[in-house]
Amino acid sequence: MVQKVEKIWLDGKMIPWDEANVHVLTHTLHYGLGVFEGIRCYEGDDGRSAIFRLQEHIDRLYDSAHILLMEIPFPKEELFEACKEIFRTNKLKAGYLRPLVFVGDGEMGLYATSNRIRVAVIAWPWGTYLGDEGVKNGIKAKVSSYTRNHINCMMTKSKAVANYVNSILAKREAMLGGYEETIMLDTEGYVSEASGENLFMVRRGQVITPLTTSALHGITRDTVIELLKDRGASVKEAHFSRDELYIADEIFLTGTAAEITPVRELDHRRIGVGKPGPITQQVQKDFHDLVRGRGKKHQEWLAYL
Ligand SMILES: Cc1ncc(COP(=O)(O)O)c(C=O)c1O
């Protein structure tokens with residue numbers, strides 16, 4: 001259960017949590033046209049809270065909407081402020097943040113262009129998505145039998161509500177099979193991403209990540225590339241196959257919800273020595289230092305409340 005807080009921002013107003021309801025004819029509920037973001041706010045050692053890379057998440061939200069021909073009826077600056085305000089109003093020092101843009105009720109049918117575009121901003125406390133144990137010791141994953149959305153079927157650069165049916169099918173298949181996460185291949189058979197995370201592998205000291213052809217442009221992915229650069233390591237972006245993952249020394253997944261989660265086993269093959277490797281552990285440490293304001297670089301990525 002999501003841990004309830006006091007208020008939700010809906011269409012420009014702070015309203016009580018229990019009153020943030022919509023009509024059953026809400027268009028997005030029927031046809032899946034909507035976009036959203038997943039963002040985290042962290043409390044630093046000094047007690048100050050900051051939303052991590054808020055501007056980049058807001059920019060991606062507007063890009064996602066633009067791709068789907070949805071016009072968000074608020075300026076970016078107002079949503080940026082609403083994201084901070086939701087933490088202050090609910091007296092939350094840290095947590096997960098979910099801006100959601102959806103098509104309201106009115107007309108039905110696919111070509112319903114007159115319905116109001118609605119916006120909600122919700123925040124709640126949320127721990128590590130793939131579990132503390134997984135973050136510490138690594139997870140068991142499976143290559144999905146479902147193919148990642150084809151780039152000319154779903155718009156993979158849009159964080160669109162409907163794209164997640166593909167992710168949910170893959171995630172359910174993995175969980176029901178006793179795994180914790182799933183890695184998806186694109187229509188050509190190359191590794192794309194996990195159901196809700198991007199992926200990195202390390203082989204003989206080289207860090208490699210799939211091109212984002214069919215994957216989301218992850219903000220954590222970009223952060224990790226920058227953190228590795230800061231340490232003088234380059235990341236190669238390339239197409240590669242599932243069996244290259246089997247012989248990787250390290251694999252880790254990156255995402256706002258999952259943060260940096262190591263993979264210790266894939267399709268019953270042990271990855272490396274079967275526990276988080278040195279590069280994964282370094283990235284985890286650098287990431288947690290950064291989001292808690294301990295890093296010297298990238299201060300501009302922290303939007304203090
Ligand atoms: C499908 C998918 N890929 C990758 C990511 C990672 O993106 P980010 O690091 O921006 O959270 C997410 C999470 O938002 C996702 O849902």
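Both counts, for ligands and for their atoms, begin at 1 and track the order of listing.
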(message) Which of the numbered atoms in ligand 1 are under 4.0 angstrom from any heavy atom belonging to Lys159?
(response) 13 (C), 14 (O), 16 (O)
Look only at interatomic distance and state if [X] has a nitrogen or oxygen under 3.5 Å from any nitrogen or oxygen of ligand 1.
X	value
Ser167	no
Ile219	yes
His217	no

(request) Evaluate the side-chain proximity of Lys157 to Thr212: yes if any heavy-atom separation is below 4.5 Å, no if none is. (result) yes
(message) So His268 and Glu265, do their side chains get closer than 4.5 Å, heavy atoms only?
(response) yes
(request) Over 60° means perpendicular and under 30° means parallel, so classify the ring planes of Phe52 and Trp301, tilted if in between. (result) perpendicular
(message) Ring-plane angle category for Trp126 and Tyr129, please: parallel below 30°, perpendicular beyond 60°, tilted otherwise.
(response) perpendicular
Which is closest to [atom] in terms of heavy atoms, [options]?
atom	options	result
atom 3 (N) of ligand 1	Met184, Glu37, Glu193	Glu193
atom 7 (O) of ligand 1	Ala194, Gly218, Ser214	Gly218
atom 13 (C) of ligand 1	Ser192, Gly255, Gly196, Ser195	Gly196

Would you mind checking which non-hydrogen protein atom is closest to [atom], with the distance to 0.1 Å?
atom	result
atom 9 (O) of ligand 1	Thr220 OG1, 2.6 Å
atom 11 (O) of ligand 1	Thr256 OG1, 2.6 Å
atom 16 (O) of ligand 1	Tyr164 OH, 2.5 Å

(message) For Asp11, is there an ion pair with Arg118 - N to carboxylate O distance below 4.0 angstrom?
(response) yes
(message) Quick test of your reading of the model: are Arg221 and Glu237 salt-bridged, counting only N-O distances below 4.0 Å?
(response) yes
For ligand 1, the portion of [X] having any non-hydrogen atom under 4.0 Å away:
X	answer
Glu197	backbone
Arg148	side chain
Ala215	neither

(message) One pair to check against side chain to side chain donor-acceptor pair (under 3.5 Å): Ser158 and Arg60. What are the steps and the verdict?
(response) CA-CA 8 Å; Ser158 176; Arg60 189 171 66 183; over 6 Å; no
(message) Working note: His298 + Asp230, criterion side chain to side chain donor-acceptor pair (under 3.5 Å); need CA distance, chi angles, decisive distance, verdict.
(response) CA-CA 10 Å; His298 312 298; Asp230 292 345; 2.7 Å; yes
(message) For Lys142, run the salt bridge (charged side-chain N to carboxylate O under 4.0 Å, His left out) check against Glu173, Glu180, Glu181 and tell me which one passes.
(response) Glu173
